[in-house]
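Please read the structure below before turning to the comments.
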Amino acid sequence: MNAKQDTGKPGLRQKALAGLSGRNLILVGLMGAGKSAIGKLVANALDLPYVDTDQEIETAARMTISDLFAQYGEPEFRALETRVIERILAEGPAIVSTGGGAFVNPVNRELIARSGLSMWLKADLDTLWDRVRRRQTRPLLKTENPKQTLKDLMDKRYPVYAEADVTVLSRNVRKETVMRDVLKALAALDGGKTREE
Ligand SMILES: Nc1ncnc2c1ncn2[C@@H]1O[C@H](COP(=O)(O)OP(=O)(O)O)[C@@H](O)[C@H]1O
Ligand SMILES: O=C(O)C1=C[C@@H](OP(=O)(O)O)[C@@H](O)[C@H](O)C1
Ligand SMILES: [Mg+2]
């Protein structure tokens with residue numbers, strides 16, 4: 001695939017890569033923010049490796065995250081999550097999509113700060129809810145009122161996600177548009193130093 005074509009604007013790719021300057025890009029944010037879907041598109045556009053920590057965890061544990069929560073409990077999931085993040089960030093540079101709870105752990109925030117650029121994909125409740133309501137893959141949302149659970153997690157976690165290096169709105173627009181917003185945010189870090197080819 002022609003990566004330049006993918007970004008919709010020649011030069012944006014180079015500027016985004018310059019802004020990232022060889023670091024890992026770690027996407028953080030609540031369930032449904034688009035970390036996994038947009039992360040893949042960004043990796044493709046920048047021709048960089050893509051890693052999803054949830055997928056790595058399921059591969060390592062040889063079970064789904066739901067089964068991991070059910071059989072071993074959330075503390076065991078969180079311990080595995082930190083081990084996976086530590087391994088992945090050492091292998092960089094890559095576009096890394098984390099699970100929604102990863103950045104909440106200060107140990108993970110330190111690992112991320114030491115080895116990459118953290119980016120919060122921030123979305124409003126209705127956008128998040130519309131994206132997660134149809135699938136039963138998130139154990140934390142298996143509650144009486146999952147939309148309220150999501151709102152409670154927003155209230156608790158948004159101040160922490162706000163500590164990320166960069167924030168990009170995950171708007172209710174096409175995924176490719178959000179992907180380009182991510183590239184523009186990276187390009188802005190380059191401060192115009194990179195000339196277009
Ligand atoms: N901008 C978008 N427009 C439409 N659907 C989206 C957008 N971003 C994500 N999605 C969809 O919403 C769902 C949740 O996205 P996902 O990437 O799994 O979020 P996260 O990894 O942050 O939990 C997926 O079905 C994904 O395809
Ligand atoms: O918010 C959370 O604590 C979680 C988010 C999930 O990842 P996504 O954010 O990709 O859904 C997954 O890691 C697990 O269900 C826990
Ligand atoms: Mg995900």
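Positions are given from 1, in the same order as the sequence printed here. Order of appearance sets the numbers: ligands from 1, and atoms from 1 within every ligand. Predicted model, so just to flag it, every value in this text is computed and none were measured.
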What part of Leu140, side chain, backbone, both or neither, has a heavy atom within less than 4.0 angstrom of ligand 2?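 It is the side chain that touches ligand 2; the backbone stays farther off.
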Tell me the contacting part of Arg135 for ligand 2: side chain, backbone, both, or neither, using a 4.0 Å heavy-atom threshold, strictly below.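 Neither; nothing of Arg135 gets under 4.0 Å from ligand 2.
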Is Ile38 in polar range of ligand 1, meaning some N or O pair under 3.5 Å apart?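 Not met; the criterion fails.
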Is there a polar contact, in the sense of an N or O pair closer than 3.5 Å, between [X] and ligand 2?
X: Arg138; answer: yes
X: Thr137; answer: no
X: Gly100; answer: yes

So is [X] close enough to ligand 1, meaning a heavy atom under 4.0 angstrom away?
X: Arg134; value: no
X: Leu121; value: no
X: Gly29; value: no

Looking at [atom], what's its closest protein heavy atom, distance included?
atom: atom 17 (O) of ligand 1; result: Ala37 N, 2.7 Å
atom: atom 5 (N) of ligand 1; result: Lys175 CE, 3.8 Å
atom: atom 7 (O) of ligand 2; result: Asp54 OD2, 2.7 Å

Any heavy atom of Arg131 closer to ligand 2 than 4.0 angstrom?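 It does not; every heavy atom stays at 4.0 Å or beyond.
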Side chains of Tyr50 and Ser97: do they bring a donor and an acceptor to under 3.5 Å?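 Ser97 and Tyr50 do have a side-chain donor-acceptor pair below 3.5 Å.
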Under 4.0 angstrom from atom 25 (O) of ligand 1, is there any protein heavy atom?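 No, there is no protein heavy atom closer to it than 4.0 Å.
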Can you list everything that forms a side chain to side chain contact (heavy atoms under 4.5 Å, CB included) with Pro139? Sequence neighbours excluded, please.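 With sequence neighbours excluded, Pro139 shows a side chain to side chain contact (heavy atoms under 4.5 Å, CB included) to Ile65, Ser66, Phe69, given in chain and number order.
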Test of understanding: with side chain to side chain contact (heavy atoms under 4.5 Å, CB included), list the residues that count as partners of Ser118, not counting sequence neighbours.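 In terms of side chain to side chain contact (heavy atoms under 4.5 Å, CB included), with neighbours along the sequence ignored, Ser118 is linked to Phe103, Ile112, Ala164, Asp165.
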Hey, which atoms in ligand 1 end up nearer than 4.0 Å to a heavy atom of [X]?
X: Val173; value: 1 (N), 2 (C), 3 (N)
X: Val178; value: 1 (N)
X: Met31; value: 23 (O)

In the structure I gave you, are the side-chain heavy atoms of Thr59 and Glu56 within less than 4.5 Å of one another anywhere?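 When only atoms from C-beta onward are counted, Glu56 and Thr59 do not touch, as no gap falls below 4.5 Å.
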Give the contacting part of Arg138 toward ligand 1: side chain, backbone, both or neither, where contact means a heavy-atom distance below 4.0 Å.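 The part of Arg138 near ligand 1 is the side chain, not the backbone.
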Report the part of Leu30 (side chain from C-beta onward, or backbone N, CA, C, O) that has a heavy atom under 4.0 Å from ligand 1; answer both or neither where that applies.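 For Leu30, only backbone atoms sit under 4.0 Å from ligand 1.
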Let's test this: below 2.8 Å, count the protein N/O/S atoms around the Mg ion (ligand 3).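 That number is 1, waters not included.
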Could you tell me which residues satisfy salt bridge (Lys or Arg N to Asp or Glu O under 4.0 Å) with Asp130, sequence neighbours excluded, listed by chain and number?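 If we apply the salt bridge (Lys or Arg N to Asp or Glu O under 4.0 Å) test to Asp130, skipping adjacent residues, the hits are Arg134.
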